[in-house]
Protein chains: 2
Amino acid sequence: MADTDVQNGAESAAKVRTLADLARIAGVSAGTVSRALAGNSLVNTKTREKIEAIAREHGFRPNQMASKLRRQKTGVIGVAIPLGHDVRQQISDTFFMTLLGYLADELTEKGYDLMLRRVIPAQDEDWLDRFIGSGMVDGVIVIGQSDQFERIEDVADGYLPMVVWGNHQEGQRHCVVGSNNRLGGKLAAERLIASGAKSLAFLGDTQPIEFAARYAGAKEVAAKMGVAIRPLPTHLSPERTGEEIAKHLREIEGKVDGIFAATDTIAVTCLKELRERGMEVPGQIKIVGFDDLPISSQTMPPLTTVRQDIAAGAKGLVDLLLRRLEGEDTESLVLPPHLVLRETA
Amino acid sequence: MADTDVQNGAESAAKVRTLADLARIAGVSAGTVSRALAGNSLVNTKTREKIEAIAREHGFRPNQMASKLRRQKTGVIGVAIPLGHDVRQQISDTFFMTLLGYLADELTEKGYDLMLRRVIPAQDEDWLDRFIGSGMVDGVIVIGQSDQFERIEDVADGYLPMVVWGNHQEGQRHCVVGSNNRLGGKLAAERLIASGAKSLAFLGDTQPIEFAARYAGAKEVAAKMGVAIRPLPTHLSPERTGEEIAKHLREIEGKVDGIFAATDTIAVTCLKELRERGMEVPGQIKIVGFDDLPISSQTMPPLTTVRQDIAAGAKGLVDLLLRRLEGEDTESLVLPPHLVLRETA
DNA sequence: CTGAAAGCGCTAACAG
DNA sequence: CTGTTAGCGCTTTCAG
């Protein structure tokens, strides 16, 4: 063995890729370097500074895979977006994307990284187990229950660090954060009726559980007030939606004077079709949306809608997840929606 | 040493967490299990099936951290969104979020996972090196150059697997995918002038390099045609933008009859302010946007705008990155924008 | 305060 | 076709 030929001109040229490399040129052991770089308590200040200097000089970064393997935690939270019904569009759905943005903020702030996975349950039965079992994430946030309520329930029993954005149902086992959709539906229907509508329609797919709850709330109010309400199914992707809505509008003309749209996106499209058919809003037909996206205040006329607090939702998701990571079995969080009165109803 | 006390009632109760566990109860070696689960070539079919059965029965998933450490690749692509000027809003900017959605699609399809990181360069000088050097990702996609052009350039010299969404500049060193913003700016200005505008304004921040290029293109055309053009700076966050635009509108009233908005989001807000001031579009004032977001066809009147092909952009980013992962030093990809003629100009 | 040593769980030669 | 062996690069007792 040649002796440690350290202090020659080649020193700074040598690329230092491991703790051991760095240790060698610092003349200490790998353990010490590890401790120093971790800011660990009991390392001589001189030694630490020296090590830090060398690390900086060589642009050294400890290998995270090794670190994570050793420590048995990843510092990564998985965020899954299941694309159930409307495969193509959901991921670019403005609401979910905005929620994702806030989630990224919150997680970053708490020192976690975010691993995004778009899943198509229909093509991959096992999506949730795989994500969880991948060993890549410390916990999972699922954005939207889609049509996967049961699968999520199944998993929840055996896996604590998971929180889901979606609808809350009496007695469910998975921890969910979401708006009170049923209440939101009630608010919408109440407003529509209060502003004079005599016959309602719910515009949107009623399969997704969140939408179903919105519709159910509206139905409850409608029944109580003795007005009719009918479902008008649509898809989420804007291209097809336009035609679908136009078709619905033709069919209901004169029969419906109050529309509750499942989302603002649908409401905005509807508003446009209404305009093209020359229907006056809110004169001849009233409309209420759901979400309160930024666009909603920009439409003509500005959209009356039911607001979900996205930032609060993201905060709640992260907060509950972190507590679950600590072992706490947290309750679900149901946020109250608020009616935002503008000019369409 | 006790002999392998395997086949007793406890067998199926024992939780199998490692290859070794599984190997023990299958009566083979860890190596074989590894090969079997990897679908590797030369494992006896019987053996493989047995191993797969046991794995399924116990819900076993190999630990990815260990695997990745060993194989020196992560199967993860990092996606960074630098928040330069307008810290708060950019991440929920519709355009970037839509691009992110498509990226998620593309990467998933190619078998990669996506690690999302929102960075605030002002608070973290070292963001890009850290992301790259973290050992968590095989390659990096940066969404938007923000005000970080120079930093990205610096890094590009020493790090191949990086592709950036943004503007292309003659002689730059990093690989970029993006629209020809300058050309887009020309198209916008030409259209404005062709539809009768005599004095133009560019509505939006001119600092970000992409916006600067759009403005430059418009300026070039304006100069050639002998019409004036002035910049009207705004922020991106919708709350403040409304007021800012209103203020600008007050100041330019009667002096400007053609507005080129840096993005559709800005254009939509502008349209609304214009309406509130009772200005007729396109009668009194014309307006052209940029991006062609879904909302743009829903405004009243529908927005004339310069279209960026987001899906093609995402495809290009992933495609180039994968080639760089193979060692190829790819060229940048500049996509042609298209004028979408609607009713505002 | 620091070094030595023992793995985290998996994969990939290398032998059989 | 399968077992054995030797690490990937880091963290963490356990001794000094």
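Keep in mind the model is a prediction, meaning the values are calculated, not measured. Quick note on labels: first sequence line is chain A, next is B, and so on, each numbered from 1.
A 6.0 Å sphere centred on CZ of A/Arg173 holds more than 12 heavy atoms belonging to other residues, nucleotides or ligands.
Here ring pair (Phe, Tyr, Trp, His ring centres under 6.0 Å) pairs that include residues 110-161 of chain B, with residues two or more places apart or in two chains, are B/Phe149-B/His174.
When rounded to the nearest whole Å, the span between NZ of B/Lys50 and P of D/dT2 equals 11 Å. Per the geometry, CE belonging to A/Met136 stands 17 Å off P belonging to C/dG9, to the nearest Å. In this structure, NZ of B/Lys68 is placed 17 Å from C1' of C/dA12, rounded to the nearest angstrom. Computed from coordinates, the B/Ile51 CD1 to D/dC1 C1' distance equals 12 Å when rounded to whole Å. Whole-Å rounding puts the B/Asn44 CG to D/dG3 P distance at 11 Å.
Side-chain N/O atoms of B/Thr330 and B/Arg323 include no donor and acceptor closer than 3.5 Å.
Side-chain atoms of B/Arg324 come within 3.5 Å of backbone N or O of B/Leu160 as a donor-acceptor pair.
Side-chain contact check for A/Val28 versus A/Ile51: some heavy-atom pair is nearer than 4.5 Å. Counting heavy atoms from C-beta on, the side chains of A/Val177 and A/Val164 never come closer than 4.5 Å.
Note on A/Thr47: a side-chain N or O is less than 4.0 Å away from OP1 or OP2 of C/dT2.
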Going 5' to 3' through nucleotides 9-16 of chain D, assign each nucleotide B (protein heavy atom under 4.0 Å from a base atom), S (under 4.0 Å only from sugar-phosphate atoms) or - (no protein heavy atom that close). BBBBB---
